[in-house]
Trainee: 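Just dropping this structure here.
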Amino acid sequence: QKEVEQNSGPLSVPEGAIASLNCTYSDRGSQSFFWYRQYSGKSPELIMSIYSNGDKEDGRFTAQLNKASQYVSLLIRDSQPSDSATYLCAVRAGTYKYIFGTGTRLKVLA
Amino acid sequence: GAGVSQSPRYKVAKRGQDVALRCDPISGHVSLFWYQQALGQGPEFLTYFQNEAQLDKSGLPSDRFFAERPEGSVSTLKIQRTQQEDSAVYLCASSLAAAGGSGNTIYFGEGSWLTVV
């Protein structure tokens with residue numbers, strides 16, 4: 001079992017819809033969780049970080065964390081074609097090592 | 001500079017050639033990471049530096065891979081006798097604080113794209 005699992009997609013949603021991206025992790029002791037966006041040929045850029053159970057909202061993005069279920073999700077409201085990218089879930093293991101999932105490719109259709 | 005800078009951006013190496021990839025972290029950043037990202041995969045951890053100390057090199061795939069950060073700022077990842085399976089993007093990242101604690105965001109460079117032919 002991979003330490004951080006994501007569906008590779010592609011996940012296709014129409015413009016204006018909500019995109020829901022999911023991630024599960026295996027280390028029950030993990031405390032820090034991150035969502036990165038990566039455009040093709042570019043480096044990952046941080047969108048959200050979340051450390052506590054529940055929801056955290058930032059503009060059109062909401063991160064949700066459920067430590068009991070070892071599950072992190074990212075919701076993108078009012079999806080735009082410019083949101084089309086690969087979304088990487090990352091979990092910090094120990095004090096410094098960030099473990100990434102393989103990413104979910106999102107396509108927002110105009 | 002404003003961000004993490006990596007060079008070269010693109011490198012084509014013949015199998016067996018040695019390569020050196022450079023990373024200039026954000027000024028003042030204590031932590032520096034190297035990741036390897038193969039096509040269609042997420043970044044895989046290679047090694048971690050806190051200032052000049054290499055605290056973890058558990059992700060380096062073989063003894064052909066070597067990283068250093070002698071003065072606690074610029075870092076070099078060296079790959080000896082390159083093989084085709086070394087073809088990947090090598091991402092450098094840095095963060096302001098030493099390891100540990102929440103809120104320690106890591107910032108990635110644009111990556112060095114290595115193709116071994």
Trainee: With distance as the sole test, does Ser43(A) use its side chain to make a donor-acceptor pair with the main-chain N or O of Gly111(B) at under 3.5 Å?
Mentor: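 The answer is no, because no donor-acceptor pair under 3.5 Å joins these two groups.
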
Trainee: Side chain, backbone, both or neither: which part of Gln6(A) has a heavy atom under 4.5 Å from chain B?
Mentor: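 No part of it gets close to chain B.
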
Trainee: Between Phe100(A) and Leu46(A), is there shared hydrophobic-cluster membership here, with clusters defined by ILVMFWY side-chain heavy atoms closer than 4.5 Å?
Mentor: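 Same cluster: Phe100(A) reaches Leu46(A) through Ile, Leu, Val, Met, Phe, Trp or Tyr contacts under 4.5 Å.
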
Trainee: Is it the backbone or the side chain of Phe45(B) that comes under 4.5 Å from a heavy atom of chain A, or both, or neither?
Mentor: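 Looking at Phe45(B), just its side chain touches chain A.
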
Trainee: Picking from Gln31(A), Lys42(A), Gln38(A), Arg105(A), which has the most non-hydrogen pairs under 4.5 angstrom with chain B?
Mentor: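 So the answer, after comparing Gln31(A), Lys42(A), Gln38(A), Arg105(A), is Gln38(A).
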
Trainee: Using non-hydrogen atoms only, which part of Gln37(B) is less than 4.5 Å away from chain A: side chain, backbone, both, or neither?
Mentor: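 The answer is the side chain of Gln37(B).
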
Trainee: Quick check on Arg9(B): does its CZ atom have over 12 non-hydrogen neighbours (other residues, nucleotides or ligands) under 6.0 Å away?
Mentor: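 Buried by this count: over 12 neighbours within 6.0 Å.
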
Trainee: Could you look at Phe33(B) and say if it's the side chain, the backbone, both or neither that has a heavy atom under 4.5 Å from chain A?
Mentor: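 Just its side chain gets close to chain A.
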
Trainee: Assess whether atom CD of Glu44(B) is packed by more than 12 heavy atoms of other residues, nucleotides or ligands within 6.0 Å.
Mentor: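 Not buried by this count: 12 neighbours or fewer within 6.0 Å.
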
Trainee: Would you say that more than 12 heavy atoms from the other residues, nucleotides or ligands in this model lie under 6.0 Å from the NZ of Lys57(B), or not?
Mentor: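 Incorrect, the count does not exceed 12.
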
Trainee: Should we say atom CD of Glu71(B) is surrounded by more than 12 heavy atoms from elsewhere, each under 6.0 Å from it?
Mentor: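 Not more than 12 within 6.0 Å, no.
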
Trainee: Is it the case that one hydrophobic cluster holds both Trp34(B) and Ile79(B), taking links as side-chain heavy atoms less than 4.5 Å apart, direct or via other members?
Mentor: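 Same hydrophobic cluster.
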
Trainee: Looking at every non-hydrogen atom in both residues, tell me the closest pair between Pro43(B) and Leu88(A) and how far apart they are.
Mentor: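 What the structure gives for the nearest pair is CD-CD1, 3.9 Å.
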
Trainee: Tell me if the centroids of the rings in Tyr35(B) and Tyr98(A) come within less than 6.0 Å of each other.
Mentor: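 No, too far apart.
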
Trainee: If you count the non-hydrogen atoms of other residues, nucleotides and ligands that lie under 6.0 Å from OH in Tyr107(B), is the total more than 12?
Mentor: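 Result for OH/Tyr107(B): open.
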
Trainee: Does some side-chain heavy atom of Pro44(A) sit less than 4.5 Å from a side-chain heavy atom of Leu91(B)?
Mentor: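 Yes. Closest side-chain heavy atoms under 4.5 Å.
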
Trainee: Less than 4.5 Å apart, side chain to side chain, heavy atoms only: is that true for Lys97(A) and Ser58(B)?
Mentor: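 Touching, per the 4.5 Å side-chain cut-off.
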
